[in-house]
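To start, the structure under review is shown below, and the notes come after it.
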Amino acid sequence: MTSIFDQYEQASQVSQKVVPASEQMTSSGYINMQLEDNTPLFSKQRMNFNPSDLITHVAVASDYLVLAMANGKLFRMDLKMPDQQEEIQYTKIIQPNSRLTAIFLDPLGYHLLLAFAARNKDGSPELVYLHRKSTKLKSVSKSRNYEVTEVGWNYENRSTSTTGPILLGTSQGHILEMELEADSDKMFTASQQYWRQIFDIGKGTDTPITGIQFHRVNNTSKYFIFVTTPTRLYQFIGHAMISDDKPSLQSIFHSYLTTPETGFQEIPSTLKYSKLQFYFDKSNEPKTFAWLTEPGIFYGQLDPSSQQNSNSLFTQGELINYPTDKGAGKESTPLSFVLTEFHALVMYSDGVKSVSLLNQELVYEDRYNSEVHGKLKNIVKDSVRRTIWAVTDKAVFRYKVNREDRNVWRIYSDKEQFDLAKLYCQNNPAYIDIINVKQADLLFTKGDYEKSAEIFAETQSSFETICLKFLEVHQINALKVYLSKRLDALTDDDKTLISMIVIWMTELYVSQLASLRRSGKDNSQEYHQFQSDLEVFLLQPKVVQCMQHVKSVVYDLLSSYGDKQNLIKLTVINEDYENVVAQHIYKKSYQEALNMLQSLKKPELFYQFAPVLMEETPTETVNALISQGAKLSPSKLLPAFLSCENDDKHASEITRYLEFMLQNFNVKDKAIHNYLFTLYVETDKPALMRYLSRQGRDITMVNYDVHYALRLCRENGLSEACVTLSALLGLWEAALELSLQVDISLAKSVAAMPEDVSLQKRLWLSVAEHIITKNQDIKEAMQLLEECSLIKIEDILPFFSDVTTIDHFSEPICQSLEEYNNQIEELKLEMEDATKSAECVRNEIQSFRNRSVLVSVTDVCCVCDIALLLRPFYLFPCAHRFHTDCLLAQAQPILAPARRNKLTDLQRQLAVLSNVELSTVTSSGLPLREVLRSEIDDIVASECVLCGEHMIASIDQPFIADQDWDRVMKEWE
């Protein structure tokens, strides 16, 4: 397309400068930025061709340009292929007394309609059709009685061969519905699918229609239609009959035929013309409309989908005044205009001006030299390509729109439409900051302080200035909102500012709570809301992290307001419980301190505060310690226990805790057991004996220090405990001696404890000696013999006095002699059995001397399967046969290390010693060689390797080792 614009005409173009921003940048975070773009909103370019005659009419659609010229020719050109131009004579098909009044091109650029009016009474109006692919103009039948002044194209039509249903407006006010088809066999007339009159705007009077637009509503059968006359804007809405995806618009007007005219906007005008324009968004949906009238441009936002019972299809309708020109003889009303998203380009005979639709200011002016180009004839817009074209008598110009939304944000901001202002500021941080400051100031002025604070926090305004702004009007809640928003926006690097805001916001919350408490409103909804907000604030991650650095300041702050509840909550959040517990203890609120310690998972705090709490409230403290169970280590609590006063109350509570831990958690710490033993010794003797009994009689299994316990019991005169501990240490004589002083039954139990029979007998004799020498009681001595089977009557007889007669011991003596006699008989039987066994062994040895085995020439070694007689061999009674070297190889791996070493040494001597040395006769009368071989035979041939003890011992071992499986599997394959 650029190939047709290689020459630019430098026309007189003036872009009105926007008033510089009056807002002061309150930011210290932005560098100096250029806020304004000085590029003109619209720039003009002239096409590089000269028409053959003066231009009278123009139409552009989908980059297809059609011009009507005064010489009765049409000029057509595809703007994408500017070299392909053509001219068509249109006067041949029309009557001589007709004149061209308008040309209409459909949005696709394929269907062209030429409207003709009669020059005099003898003529008649006419409508001519021309297809883009054709050069033959065809008259539209049935149109000779209608002077067409406007065409409403079907924007949903995608066919290049047919127009689809369209609407025609006439000079008499008639609205006609028709459809034209290009492909027809008729030579001189266009093929009409149908033609019908569906409405009369003028109601019988000649009211020319100056604009028609119809569109579907959200892909439904619902349509809306805009129709304009010089003084009225009509609105129609209804459901069309859909057939073959084509609407029949006649049904929309049915409801308007019998109702009074109400759906119109009237603006008085003396002009005989007006113009209707729509602006389409990127989805090709109509968004806004504008109606050019004598007083101004009536402009509004289209919203047909939201219509319920309202008669209006638009919202925010307003009349935009034309730019004033103080020069004499200047036109006050433009001849034509086009609509963009934010501006209206109005055309006068000598120039083009652009008016902002938002604030009605003149933003652009372009003056034409009528002597060079002639007067302006029309300005049109390609609704598909969104290009703007201005046509004079002699030239065609194109207007390019250069970011027309650049200053929209400022206009919306001035109109206090801040959301729209932010939408059109291109995410420029400088613009956004200006908008936010203005919006926040406005909200502040209106008294909406909290919303104002939220927006101020998004600006780069001075922190101190905004804070003072809210403090001056005593808006603490709004100040908290501002501080909270600023805190959220800070990064972790802004540690100083974060700390300041956290401390300040905490003070604001605490101050408000304290004020409500002083006024007796601590149960009010407002108080609970402030409390909830404070708790939420303190739980924010950024606040929690900051508290680690400023917690001492915040603690002092809460303490100064006497806010103990929040102080405790804050310490829980910060896991800094030491201060609160210490404060409770300082105020002697011991139960609260214990409750706090129990609610926490900090056992080290128990260890820290247990000494004071045990001293002051032993029972409650022990209850708390017991509730913690295994979470606490008793050994770490020992310093607290030892620091307590040594009275019965403290000792009993400590004992209760230690017994609980031993019984439920099997504590084995020796220090704990020693301390509990000490408490038992000092306060509870029966409990001590029960404890010793539970610990058992195995010194390796007890958990206390036995030596320490024995010394402690001796110091406190606990004889029974000393007996148990002495026995545990193996001091049997001492234990027995002490037990005899305590109780004879205790002594008997001590005597029965040792496992060594001789020691046990010795202890029992000591008991017997004590009993007999004490009172010479024969009956008790006899009972002692029944209790212990280790001592006999002869063992205790020496303990009786010489005057004691033997008659009293006749029965035990006889019983003892009888037992001896039984033992002698048993020994005789054992001797006889031993003699018989020896005789059997001698007979078996004798039989072996006379035994022989026959070796055949075909016998082979059980290891190598080679003939046995080829080499020296061993023959076992089990009939297994081995070559000497084969047996050595089999036996050596299974020998014990000592025997293997001895075998190696004997073999070395046989190999190293000379024949002379080997022939030397030893002390046994045999040569050394025979002695060595005999010893080797004793080691190697002591048993058969296949059926001896080694084979029996290895019965649980696999025949094939794991590492040999692969080899064996390959051999089997």
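Classified by interplanar angle (parallel below 30°, tilted 30° to 60°, perpendicular above 60°), the ring pair Phe278/Phe224 is parallel. Aromatic ring pairs are classed by plane angle as parallel below 30°, tilted from 30° to 60° and perpendicular above 60°; the pair Tyr412 and Tyr424 is parallel.
Contact check on Lys44 versus Asp366 returns a salt bridge, with a Lys/Arg side-chain nitrogen under 4.0 Å from an Asp/Glu carboxylate oxygen. We find that Glu604 and Lys636 are not joined by a salt bridge, their nearest charged nitrogen and carboxylate oxygen being 4.0 Å or further apart.
Between Phe289 and His215, the distance separating the two ring centers is not shorter than 6.0 angstrom. Here the two rings, on Phe444 and Tyr449, have centers that are under 6.0 Å apart.
No donor-acceptor pair under 3.5 Å is formed between the side chain of Asp494 and the backbone N or O of Leu497. Between the side chain of Arg385 and the backbone N or O of Asp382 there is no donor-acceptor pair closer than 3.5 Å.
Between Pro634 and the choices Leu662, Ile672, Ile654, the side chain to side chain contact (heavy atoms under 4.5 Å, CB included) rule is met once, by Ile672.
Under 3.5 Å, the side chains of Asn359 and Arg410 contain no donor-acceptor pair of N or O atoms. Side-chain N/O atoms of Asn436 and Gln460 include no donor and acceptor closer than 3.5 Å.
The CG atom of Asn427 lies 5.5 Å from the CD1 atom of Ile432; values are rounded to the nearest 0.5 Å.
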